[in-house]
Amino acid sequence: MAKAKKGLGRGLGAFFGDEVVEEVAKEQGQISEETGAARQEKPAAEDDSQLELAVKISKIEPNREQPRKDFNEEQLKELADSISRYGVLQPLLVQKKDGYYEIIAGERRWRAAKLAGLKEVPVVIREYSPQQAMEIALIENVQRENLNPIEEALAYQRLMEEFQLKQEEIAERVSKNRTTITNSLRLLNLAEAVRQMLVENRITSGHARALLGVSDPVLQMELAKKIEEQRMSVRETEKAVRLLGREKKEKKPKQEDEALALIFKDLENRMKTVMGTKVNISRKDKSKGKIEIEYYSESELERIVELIESIR
């Protein structure tokens, strides 16, 4: 009988093991000294894959494929202060490389530990395929909400393009619904400058999704700046996008109407010259309408009729 395939939707516990994974929200500072002491007294697991080791920080390097690229310096300093006081309470997940250990999960702790001046950090060593390593790094960051919206979208895109995962499969792995994944990926269609505004928290994901309704990158950027300057709400942004869409639709027909009006005005003048009286052309649409020829006496009417009959 084939072994049941373990899903990744349960998060990092599926990779770390229950004895290693802790609530990330309690990562540093929120865990008491007693909790840390109890953890240090706990005997190491017999399974080597669960064994926690102390490794020189100089022997550890970040994963170049880590989805997260932006690290808040102020938050790192706060974590470094906590590490100085309590130590690194959550081990890094690493895998062996040629001459060093590559971080799979825990780069923020590694950076903060360096900032705190630590020489060694606790690690758990595992071996993963490139896809597994990518998935674990993504899961860790997404579940901790450490990625900005564009980093998250790029990570999903890479899983789709490089590892041929479908949106449903990604959703299962990160414990989100497919609509969330779809909406995240749509953010990559934003103009580059607008994407950067989202990364810098100058606009929110809600604003960004509304801006996707503006296809022109120049107009999109102009509206994004307006959102920031006027501190527009998402609802106000959606209204502005709808208004912009209506104006765009109305602009083209108006230009066409002006061009047609000039053409029909010229036809009226030409007929006026021939008839010797006022002529009005009323259009119902592009192919239908009526012609009105004015007369001011019976004799003028007879003249007009004779003129029309002479055309035969």
Side-chain angles (χ1 to χ4, degrees), residues 8-9 11-12 23-25 27 63 65-76 78-79 105 107-108 111 134-163 165-246 248:
L8 299 179
L12 292 173
E23 180 70 33
V24 175
E27 183 176 342
N63 186 346
E65 305 302 333
Q66 152 77 282
R68 187 181 185 190
K69 305 299 179 185
D70 181 44
F71 292 85
N72 184 287
E73 292 298 326
E74 185 176 344
Q75 292 177 355
L76 275 180
E78 291 176 357
L79 181 55
E107 182 174 344
R108 181 169 173 266
R111 287 174 178 266
M134 176 67 178
E135 289 176 358
I136 295 168
L138 175 60
I139 290 167
E140 180 195 40
N141 284 293
V142 169
Q143 290 186 341
R144 298 181 184 187
E145 298 182 350
N146 282 341
L147 296 178
N148 67 56
I150 296 302
E151 287 175 335
E152 184 174 343
L154 288 170
Y156 294 149
Q157 184 183 61
R158 185 181 169 210
L159 287 172
M160 292 177 66
E161 294 180 352
E162 187 170 335
F163 303 114
L165 290 182
K166 296 179 180 179
Q167 290 187 25
E168 295 89 340
E169 294 173 312
I170 296 172
E172 179 185 353
R173 282 159 167 76
V174 296
S175 299
K176 293 180 180 288
N177 60 53
R178 181 184 172 181
T179 302
T180 301
I181 306 302
T182 300
N183 286 335
S184 177
L185 288 165
R186 288 177 63 229
L187 296 177
L188 298 179
N189 295 323
L190 290 166
E192 185 61 38
V194 178
R195 285 170 55 169
Q196 188 58 37
M197 288 182 70
L198 179 57
V199 169
E200 295 170 359
N201 289 319
R202 293 162 62 188
I203 59 173
T204 68
S205 294
H207 291 124
R209 283 193 293 271
L211 285 170
L212 287 167
V214 182
S215 57
D216 187 319
V218 175
L219 292 177
Q220 194 181 91
M221 185 59 193
E222 288 177 356
L223 183 52
K225 288 180 178 179
K226 185 177 178 181
I227 291 168
E228 181 182 24
E229 292 168 0
Q230 299 183 11
R231 297 185 178 181
M232 293 169 61
S233 68
V234 173
R235 182 161 293 187
E236 288 172 334
T237 302
E238 291 171 344
K239 184 177 179 180
V241 170
R242 287 194 297 269
L243 181 61
L244 198 61
R246 284 199 296 269
K248 188 175 181 181

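FYI, side chains are in, hydrogens and waters are out, and symmetry mates aren't considered; it's all heavy atoms of this structure.
Residues Asn148 and Leu198 form no side-chain contact, since every pair of their non-hydrogen atoms from C-beta on lies 4.5 Å or further apart. In this structure, Leu187 and Arg195 have side chains that are not in contact, with every pair of non-hydrogen atoms separated by 4.5 Å or more. Contact check for Asn183 versus Arg186: side-chain heavy atoms found under the 4.5 Å cut-off. With a 4.5 Å cut-off on side-chain heavy atoms, Ile227 and Met197 do not count as touching. When side chains are defined from C-beta on, Leu159 does not count as touching Arg173, because their heavy atoms never get closer than 4.5 Å. A heavy-atom distance below 4.5 Å is found between the side chains of Ser205 and Arg209.
A side-chain donor-acceptor contact under 3.5 Å links Gln220 to the backbone of Ala191. Counting only distance, with no hydrogens or angles, the side chain of His207 and the backbone of Met232 share a donor-acceptor pair below 3.5 Å. A donor-acceptor pair under 3.5 Å is absent between the side-chain atoms of Glu238 and the main chain of Ala210, judged by distance alone.
Asn177 and Thr180 form a side-chain donor-acceptor contact under 3.5 Å, judged by distance and modelled atom types alone.
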(request) Go through Glu169 and Phe163 one step at a time and tell me if the side chain to side chain contact (heavy atoms under 4.5 Å, CB included) criterion holds. (result) CA-CA 11 Å; Glu169 294 173 312; Phe163 303 114; over 6 Å; no
(message) Before you tell me yes or no, could you show the steps for Glu200 and Glu228 under side chain to side chain contact (heavy atoms under 4.5 Å, CB included), namely the whole-Å CA-CA distance, both residues' side-chain angles and the distance that decides it to 0.1 Å?
(response) CA-CA 12 Å; Glu200 295 170 359; Glu228 181 182 24; over 6 Å; no
(message) Would Ile203 and Leu211 count as a side chain to side chain contact (heavy atoms under 4.5 Å, CB included) here? Give the steps.
(response) CA-CA 10 Å; Ile203 59 173; Leu211 285 170; 4.0 Å; yes
(message) Pair Val194, Leu223 - check side chain to side chain contact (heavy atoms under 4.5 Å, CB included), show working.
(response) CA-CA 10 Å; Val194 178; Leu223 183 52; over 6 Å; no
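For the atom pair Leu219 CG and Lys226 NZ, the distance stands at 11.5 Å (nearest 0.5 Å). Between Leu212 atom CG and Leu190 atom CG the span is 4.5 Å, to the nearest 0.5 Å. In this structure, Lys239 NZ and Leu244 CG are separated by 14.0 Å, a value rounded to the nearest 0.5 Å. With rounding to the nearest 0.5 Å, the separation of NZ in Lys166 from CD in Glu172 is 12.5 Å. To the nearest 0.5 Å, the span separating CZ on Arg158 from CG on Leu165 amounts to 11.0 Å.
The two residues Ile181 and Lys176 come nearest to each other via the heavy atoms CD1-CB, 4.4 Å.
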